[in-house]
Q: 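Dumping the structure here so I can ask a few things about it.
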Amino acid sequence: MKPIYLDYNATTPIAPSVAEAMIPYLREEFGNPSSSHLYGFRTKRAVEKARFQVASLLGCKPEEIVFTSGGTESNNYAIRGYAFKNRSKGRHIITSQIEHPAVLEVCGYLERYGFEVSYLPVDEHGRVHVSEIERALRPDTILVTIMLANNEVGTLQPIAEISQILKSRGICFHTDAAQAIGKIPVRVDELGVDMLSVAGHKLYAPKGIGALYVRTGADIEKLMLGASHESDRRAGTENVLEIVGLGAACELAASGLEDFASNMSRCRNRFQSLLERRYPDAKINGHLTDRLPNTLSVSFPGIEANIIISEAVGIAVSAGAACHSGSVTMSHVLKAMGIPESIAVGTIRITTGRDTTDDEIDAAFEQLSNVVDRLGGINTDWSPMAESHHETTPVSQVADMSALTDWESTSTERITDKAGASVQGSVIDDEIRLTRFTHGLGCACKLRPQLLEAVMNKLPRPIDSRILVGTETSDDAAVFLIDDKTAIVQTVDFFTPIVDDPYEFGQIAAANSLSDIYAMGAKPLFALSIVGFPSNRLPQTALEEILRGAADKAAEAGIGIIGGHTVDDTEPKYGLAVTGIVDPKQVWRNKGARPGDRLILTKPIGTGILATAAKQGLLDDSVRKALFETMAFLNRTAADVLSRYDVHACTDVTGFGLAGHLWEMTSSSGVSAELHAAEIPILAGARETALGGTVPSGTVSNMEHVENKVRWSKSVDRVTRVLICDAQTSGGLLVAVSANVAEKIVRELHQVGITDASVIGDITGEGDGMITVS
């Protein structure tokens, strides 16, 4: 069943009558409007009809309408076009702090070309005060651009009042009306604006089409150069199909605006009333009267909006802030309104549509309230992590999971907590999907490397001659000397779900934890489970499956999980503390790479990007299966092969990505390195997924971290750079070995089934750790 769609400010579906109007121009009416024959005449006539329909909605002349590719181009054309054409009159522009990025980014661009921009504040309701406009005006002010309606909180701006001030001074006035058209009356003469931007997909027209109203006499410079289309105002053959759709959508909006707005307002108010009755401490954002009829922005203090959205899978809404490892990306609109981060992080935007029904509102509210209640309701003193401790319970042998969780029922369809409250929504189609219960994924949730590096540098290092490996080289395990023949290796690793299936997550988490032991050249002896589990959000069976997967993977490694520790957490987390053993003379470390060494990688990269895509439902089954198999594959076999050779340095590639972990190796070894991008193995589908923009925040942090540590050849494209920095989970071993054995090692790895193993680079000489990627 499809989710209930309540995100109409993001985009609208194409109205049936609009689609019907477009069909002839998708099939038989294919002529170029610039052609002088019948085919061209018929499409030219369609374009001009659409221009008339748009103009009729806005109350302007048809010749004042220019068709564009959407609201973003319209804003660019208006602001850049007017600024550059009129810079001889002045270089000062006024806008507000809550504009859409399609306005703010353009203003920032103009600042680089000598323009000055005043970014006006807004009040707690998100409104610009007319007095602020008056104060900001200067003799060299040439343009003011203020949105008509805010896309996040719905607040309407006093455009007509502002225009009265500007008109007497002869200052051009532009408004971004993308969110307002089709929801409230928008007439250019009543608003008094000189330019106005339209986005088709906000008013039930197709995506990729828009328009710009330019008042007769307003002089703007062309943005698109070429032939003299659109009366020489925008080059490029007209997008007839979508122009027809925009025209039909504007005609529909004009004829049904009152009914459409009434339905949107009724449904929005119904949802708001339900919220206010059940959650009186929830905060409604924006102006309560001067706002769009369909928009409701609400903050739930103490609850993260992205967790609400990930669990309320039966509804489609937007978040006002996003939590990442170590930081919160807060909406610039909420920030400008002075809403504290602690409240903003719990903000969701609900926007109704023309055809939204009362039944949909009631069903959506029920699902949302189930999630909010399960997360603890609204609690401004919210604090997670009620801890319990089980140091000796053999986790792999637990049958009655009450030792590790507060759940009393094992039903995966409907669960009852100890208070007797029914818990729903944690299971979708009888299948638990773990990634919906966390806002991050796997090792990408590590602290940002910059932060971790700064913290570690401030900590005192223990002085004990028996410590063979500590914190000095960024190795992922500690090694402690027992006697001349024995050293203990200890490592710990845990993270949030990287896949949906609990059993698969347990396997991957265990493989990832064991990898740190293999990367030291050691053999694992036993492990302890580390569990974070949201007992008010997930059923006991989910934890059982996680632990079963981990136990099976540990058995594959030849060890048992003989104890554990658990906390009641806000999201699921799992990992192992693994103890191993190694000959103290055979310890592999990050440090030790030598000039002339070759670099071998045993697994392909791209797991972070693909796992992010899998969470979004963007992977087909074959790619998802290959992703799981890669992450669940133990590095044991690779370590066995490598143990027969003199390994100079070794690490496993995990959360800091290939570039980040190689930097740890090169910097601690005092060498420089070169990676050969074409030789690095990449998981099938990862490149295409990254090209589509699916990149986890941990990968972005990694790219920032190595900005001054990696020199990229001009031939290395952006997507390859992203992949080389991608935050991995249970990645391969990265080893430095003598050049004369590297190819032999790779052949042996291939023979034992590690077919992706490759020589990917070289240690080029002594240095400060700098990496070149060619």
Q: For the CD1 atom of Ile745 and the NE2 atom of His750, what is their distance to the nearest 0.5 Å?
A: 12.0 Å

Q: Got a second to check how far Ser69's OG is from Leu223's CG, nearest 0.5 Å?
A: 9.0 Å

Q: Using 0.5 Å steps for rounding, measure from the CG atom of Leu683 to the CG atom of Leu610.
A: 5.5 Å

Q: Around atom CG of Asp484, are there more than 12 heavy atoms of other residues, nucleotides or ligands at under 6.0 Å?
A: no

Q: Taking atom types as modelled and ignoring hydrogens, do the side chains of Tyr503 and Asp552 form a donor-acceptor contact shorter than 3.5 angstrom?
A: yes

Q: Specify whether Phe656 and His705 have parallel, tilted or perpendicular ring planes, treating 30° as the upper limit for parallel and 60° as the lower limit for perpendicular.
A: tilted

Q: Is it true that Asp516 and Thr491 share a donor-acceptor pair across their side chains at a distance under 3.5 Å?
A: yes

Q: Would you call Val722 and Ile609 a side-chain contact if the rule is heavy atoms closer than 4.5 Å?
A: yes

Q: Leu734 pairs by side-chain contact (heavy atoms from CB on, under 4.5 Å) with which of Ile600, Ile760, Thr602?
A: Ile760

Q: Say you draw a straight line from CZ of Phe480 to CZ of Arg466; how long is it, rounded to the nearest 0.5 Å?
A: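 Between atom CZ of Phe480 and atom CZ of Arg466 there are 3.5 Å.
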
Q: Is the shortest heavy-atom distance from the side chain of Phe633 to the side chain of Ile754 under 4.5 Å?
A: yes

Q: With a 3.5 Å cut-off and no angle check, do the side chains of Glu679 and Ser758 form a donor-acceptor pair?
A: no

Q: May I ask you to decide whether Arg624 forms a salt bridge with Glu504, counting only side-chain N to carboxylate O separations under 4.0 Å?
A: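 Yes, charged N to carboxylate O under 4.0 Å.
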
Q: Please test Leu627 against Lys625 for side-chain contact (heavy atoms from CB on, under 4.5 Å), starting from the C-alpha separation and ending with a verdict.
A: CA-CA 5 Å; Leu627 172 65; Lys625 181 181 178 182; over 6 Å; no

Q: From the options Val759, Asp762, Leu662, Leu658, select the one residue that forms a side-chain contact (heavy atoms from CB on, under 4.5 Å) with Leu599.
A: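 Result for side-chain contact (heavy atoms from CB on, under 4.5 Å) with Leu599: Leu662.
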
Q: When you measure from the side chain of Ser669 to the backbone of Gly592, do you find a donor-acceptor pair of N or O atoms at a distance under 3.5 Å?
A: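 The answer is yes, because a donor-acceptor pair under 3.5 Å joins these two groups.
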
Q: Under 3.5 Å, side chain of Asn76 to main-chain N/O of Thr72, donor-acceptor pair present?
A: yes

Q: Look at Asp483 together with Lys485 and state whether they make a salt bridge at an N to O cut-off of under 4.0 Å.
A: no

Q: Taking Ser713 for its side chain and Val773 for its backbone only, find out whether a donor-acceptor pair lies under 3.5 Å.
A: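 Side chain of Ser713 to backbone of Val773: no pair is present.
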
Q: Any side-chain heavy atom of Arg687 within less than 4.5 Å of one from Thr720?
A: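 When only atoms from C-beta onward are counted, Thr720 and Arg687 do touch, with a gap below 4.5 Å.
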
Q: Would you say that more than 12 heavy atoms from the other residues, nucleotides or ligands in this model lie under 6.0 Å from the CD of Glu766, or not?
A: no

Q: Salt bridge check, Arg644 against Glu748: does any charged N sit closer than 4.0 Å to a carboxylate O?
A: yes

Q: Testing Thr772, Asp768, Thr764 one by one against Ser672 for a side chain to side chain donor-acceptor pair (under 3.5 Å), which residue passes?
A: Thr764

Q: Looking only at heavy atoms, which two atoms of Ala487 and Pro584 are closest? And how far apart?
A: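 Taking Ala487 first and Pro584 second, the nearest heavy atoms are N-CD, 4.0 Å.
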
Q: Does a salt bridge link Glu743 with Arg598, judged by any charged N lying under 4.0 Å from a carboxylate O?
A: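 A salt bridge is present here (some side-chain N lies under 4.0 Å from a carboxylate O).
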
Q: For Ala102, is there any backbone N or O sitting under 3.5 Å from a side-chain donor or acceptor partner on His100?
A: yes

Q: Do side-chain atoms of Thr607 reach the backbone of Thr729 as a donor and acceptor pair under 3.5 angstrom?
A: yes

Q: Where is the tightest heavy-atom contact between Gly608 and Asp726, given as atom of each residue plus distance?
A: N-OD2, 3.0 Å

Q: Could you tell me if the side chain of Val479 sits less than 4.5 Å from the side chain of Met520, heavy atoms only?
A: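 Heavy-atom side-chain distance check passes, below 4.5 Å.
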
Q: Taking Arg721 first and then Asp717, would you say they form a salt bridge - that is, a charged N and a carboxylate O separated by under 4.0 Å?
A: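 Judged by the 4.0 Å cut-off on N to carboxylate O distance, Arg721 and Asp717 do not form a salt bridge.
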
Q: Show your working on side-chain contact (heavy atoms from CB on, under 4.5 Å) between Leu538 and Phe437 and close with a plain yes or no.
A: CA-CA 8 Å; Leu538 276 168; Phe437 295 86; 3.7 Å; yes

Q: Give a yes or no answer on whether the side chain of Asn702 reaches the backbone of Gly655 with a donor-acceptor pair at less than 3.5 Å.
A: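 Yes, because the side chain of Asn702 sits within donor-acceptor range (under 3.5 Å) of the backbone of Gly655.
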
Q: Do Ile508 and Phe628 have side-chain heavy atoms sitting under 4.5 Å apart?
A: yes

Q: State whether Glu707 and Lys709 are salt-bridged, where the test is any N-O pair (Lys NZ or Arg NE/NH1/NH2 against Asp/Glu carboxylate O) under 4.0 Å.
A: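 Here Glu707 does not pair with Lys709 in a salt bridge, since their nearest N and O are not under 4.0 Å apart.
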
Q: Do Asp652 and Ser515 pair up side chain to side chain, a donor and an acceptor below 3.5 Å, judged on atom types alone?
A: yes

Q: A side-chain contact here means heavy atoms from C-beta on lying under 4.5 Å apart; do Pro595 and Val671 qualify?
A: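 When only atoms from C-beta onward are counted, Val671 and Pro595 do touch, with a gap below 4.5 Å.
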
Q: Please assess His648 against Val735 for the test side-chain contact (heavy atoms from CB on, under 4.5 Å), listing each intermediate value before the final yes or no.
A: CA-CA 7 Å; His648 297 161; Val735 294; over 6 Å; no

Q: Between Asn75 and Glu73, do the side chains contain an N or O donor and an N or O acceptor separated by less than 3.5 Å?
A: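 No donor-acceptor contact under 3.5 Å links the two side chains.
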
Q: Which heavy atom in Pro497 sits nearest to a heavy atom in Phe505, and how many Å separate them?
A: CA-CE1, 3.4 Å

Q: Supply the atom-to-atom distance Thr566 OG1 to Leu543 CG, rounded to the nearest 0.5 angstrom.
A: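 Between atom OG1 of Thr566 and atom CG of Leu543 there are 6.5 Å.
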
Q: Show your working on side-chain contact (heavy atoms from CB on, under 4.5 Å) between Lys553 and Leu634 and close with a plain yes or no.
A: CA-CA 8 Å; Lys553 187 57 61 175; Leu634 286 173; 3.7 Å; yes

Q: Write down the atom of Pro524, the atom of Ile559, and the distance for their closest heavy-atom approach.
A: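 Smallest interatomic distance, heavy atoms only, reads O-CG2, 3.3 Å.
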
Q: Between the main-chain N or O of Thr630 and the side-chain N or O of Lys603, is there a donor-acceptor pair closer than 3.5 Å?
A: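 Judged by distance alone, yes, a pair lies under 3.5 Å.
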
Q: Does some side-chain heavy atom of Arg747 sit less than 4.5 Å from a side-chain heavy atom of Lys744?
A: yes

Q: Is Thr666 reaching over with its side chain to a backbone N or O of Trp663, donor-acceptor style, under 3.5 angstrom?
A: yes

Q: Does Met631 reach the side chain of Ile498, with side-chain heavy atoms less than 4.5 Å apart?
A: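 Yes, side chains in contact.
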
Q: Would the distance check show the side chain of Lys615 and the main-chain N or O of Thr435 forming a donor-acceptor pair, the cut-off being under 3.5 Å?
A: yes

Q: Of all heavy-atom pairs between Pro534 and Pro572, which one has the smallest distance, and what is that distance?
A: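 Looking at all heavy atoms of both residues, the closest pair is CD-N, 3.5 Å.
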
Q: Would Ser529 and His565 count as having a side-chain donor-acceptor pair, cut-off 3.5 Å?
A: no

Q: Between Arg636 and Glu556 (side chain of the first, backbone of the second, donor and acceptor by atom type, cut-off under 3.5 Å), is there such a pair?
A: yes

Q: Nearest heavy-atom pair of Val695 and Ala690: which atoms, and what distance?
A: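 Looking at all heavy atoms of both residues, the closest pair is CG2-O, 4.3 Å.
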
Q: Under a 3.5 Å threshold, yes or no: a donor from one side chain and an acceptor from the other, between Asn590 and Ser668?
A: no

Q: What distance do Ser774 atom OG and Trp712 atom CH2 have between them, rounded to the nearest 0.5 Å?
A: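 Atom-to-atom, Ser774:OG and Trp712:CH2 are 11.0 Å apart.
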
